[in-house]
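Here is the structure we will look at, set down as structure tokens.
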Number of protein chains: 2
Amino acid sequence: MKQFSIGEVARYGGVGVETIRFYEREGLIAEPPRKESGYRQYTQETVVRLRFIQRAKDLGFSLREIKELLSLRIEPLTDCADIQERAEAKVRDIEGKIQTLQRMKKALANLVASCPGRVPASDCPILDALEGSGAHETPISAIGQRTAKKRPNDRSSMKSTTASRRAGKGANHVPTLPR
Amino acid sequence: MKQFSIGEVARYGGVGVETIRFYEREGLIAEPPRKESGYRQYTQETVVRLRFIQRAKDLGFSLREIKELLSLRIEPLTDCADIQERAEAKVRDIEGKIQTLQRMKKALANLVASCPGRVPASDCPILDALEGSGAHETPISAIGQRTAKKRPNDRSSMKSTTASRRAGKGANHVPTLPR
DNA sequence: CTTGACTCCGTAGTGTACTACGGAGTTTAC
DNA sequence: GTAAACTCCGTAGTACACTACGGAGTCAAG
């Protein structure tokens with residue numbers, strides 16, 4: 001059985017040497033046996049696995065998700081419906097991102113179209129819109145990707161009352177300046 | 001002239017207190033004068049500026065880009081064409097992202113559709129495709145967002161020969177396993 | 001033998017955009 | 001007065017996915 005060094009496996013797997021060690025630390029690939037020198041000795045299976053990882057990344061899966069897929073791959077009770085469900089969830093995720101990007105693009109394109117070009121910046125409708133001033137109110141604030149960041153952090157659990165109060169007002173509610 | 005504390009300006013600007021200090025460190029907002037206590041004293045202008053930042057973020061601009069827009073806003077020689085050009089560039093950037101996401105979605109949707117559902121994972125066409133095996137070759141590898149990461153790092157300049165050698169082979173070229 | 005490429009390790013760093021902390025001082029409402 | 005909320009600061013940490021380093025040992029080709 002042909003043995004591969006880490007450099008070889010990196011080359012055939014389409015990643016860097018450092019990345020291999022990183023994936024090992026993250027549990028995406030197994031630590032292989034070593035030579036007396038301490039050099040890692042891989043088989044072709046690791047190359048296959050690395051290519052799986054790259055392809056899954058290309059489809060938008062995160063390393064955590066890929067790790068789960070890899071586990072399911074060898075789980076005896078798994079059937080294809082489970083994998084399918086994850087792929088469907090990823091499709092929905094991607095669709096959401098596309099929607100957000102489409103909204104951004106549309107708003108930006110409108111701003112570009114409203115711009116007469118050769119006027120001073122002080123009269124620029126794009127800047128006016130960003131400033132929230134100008135003749136028409138462009139609803140920029142409902143466009144962006146400002147979703148709550150998931151922070152699975154022990155320390156945040158003690159501050160959850162603050163988060164609850166904010167959430168109750170709608171995620172993007174900004175108070176009006178007092179006059 | 002009404003003065004605002006950092007908490008007030010955060011509330012009206014739609015960001016957190018920590019974020020304000022972060023923006024100050026990054027140069028997105030100016031450090032304001034202080035009270036004797038050391039407390040920051042803001043004006044309404046900072047609220048306006050924070051809202052500008054949020055709206056620009058909603059449109060997909062990075063903080064660095066927003067900083068530049070904010071500079072252009074007060075630059076006497078700027079005309080609107082300059083702002084327009086940046087907005088157009090962002091539209092193109094977003095279009096590229098949408099394209100990539102569409103390709104991902106299509107590939108995933110095809111995989112989902114090819115899945116019979118209730119078969120063992122060992123016969124799953126999704127996993128087969130990710131593994132690069134199976135009856136038909138799905139071109140996953142041309143889909144993803146694997147662009148070269150810009151790493152403006154002094155230290156990388158000494159290793160540029162390695163990068164050059166890799167680039168010359170096409171960004172996604174992976175050697176074939178020897179048989 | 002020599003030299004250059006490669007390998008090892010654990011830490012630190014990159015980029016992006018925040019967020020939290022600890023301990024101390026200040027402000028505000030009851 | 002008291003207590004809670006607020007402010008300060010600089011550092012460290014989050015998430016994500018890598019990437020580089022330094023110094024020492026190993027390997028392979030000339």
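All heavy atoms count here, side chains included; hydrogens, waters and symmetry mates do not. We name chains A, B, ... by the order of the sequence lines, and we start the count at 1 in each one.
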Salt bridge (Lys or Arg N to Asp or Glu O under 4.0 Å) involving Glu88(A) - partner list, sequence neighbours excluded: none
Interatomic distance, Gln3(B) CD vs dC6(D) P [rounded to whole Å]: 20 Å
Pairing residues for Glu31(B) by the salt bridge (Lys or Arg N to Asp or Glu O under 4.0 Å) criterion, not counting sequence neighbours: Arg34(B)
Side chain to side chain contact (heavy atoms under 4.5 Å, CB included) partners for Lys90(B), two or more places apart: Leu108(A), Phe61(B), Glu65(B), Asp93(B), Ile94(B)
Partners passing salt bridge (Lys or Arg N to Asp or Glu O under 4.0 Å) against Arg25(B) (at least two apart in sequence or in another chain): none
Sugar-phosphate, base or nothing in reach of Arg21(B), heavy atoms under 4.0 Å: base
Under-4.0 Å side-chain N/O to phosphate OP1/OP2 contact, Lys57(B) with dT16(C): no
Partners passing side chain to side chain contact (heavy atoms under 4.5 Å, CB included) against Ser71(A) (at least two apart in sequence or in another chain): none
For nucleotides 22-24 of chain C, tabulate all protein N/O to nucleotide N/O atom pairs closer than 3.5 Å, reporting atom names and distance.
none

Heavy-atom protein contacts under 4.0 Å, nucleotides 25-30 of chain C, coded B base, S sugar-phosphate only, - none: BBS---
dT7(D) phosphate, OP1 or OP2, under 4.0 Å from Arg40(B) side-chain N/O: no
Closest nucleotide among dC18(C), dC8(C), dA17(D) to the Leu63(B) side chain: dC18(C)
Distance in angstrom units between Glu8(A) CD and dC6(C) P, rounded: 11 Å
For Glu45(A), all residues meeting salt bridge (Lys or Arg N to Asp or Glu O under 4.0 Å), sequence neighbours excluded: Arg73(A)
Glu24(B) CD to dT7(D) P, straight-line distance once rounded to whole Å: 13 Å
Below 4.0 Å: OP1/OP2 of dT19(C) and any side-chain N or O of Thr19(B): yes
Under the side chain to side chain contact (heavy atoms under 4.5 Å, CB included) test, residues paired with Gln102(A) that sit two or more places apart: Ile98(A), Lys105(A), Ile98(B), Gln102(B)
Rounded distance (Å) that lies between atom C1' of dT16(C) and atom CZ of Phe22(B): 8 Å
d(OH, Tyr42(A); P, dC8(C)) in whole Å: 7 Å
Touch class at under 4.0 angstrom, heavy-atom based, for Arg34(B) against every strand present: sugar-phosphate
Backbone of Ile29(B) reached by a side-chain donor or acceptor of Lys67(B) within 3.5 Å: no
Length of the CG-P vector between Leu50(A) and dA17(D), whole Å: 15 Å
Spacing between Ile20(A) atom CD1 and dC8(C) atom C1', to the nearest angstrom: 14 Å
Exam field: side chain Arg51(A) to backbone Tyr12(A), donor-acceptor pair closer than 3.5 Å: yes
Value in whole Å for how far the C1' atom of dC6(D) lies from CD1 of Ile6(B): 10 Å
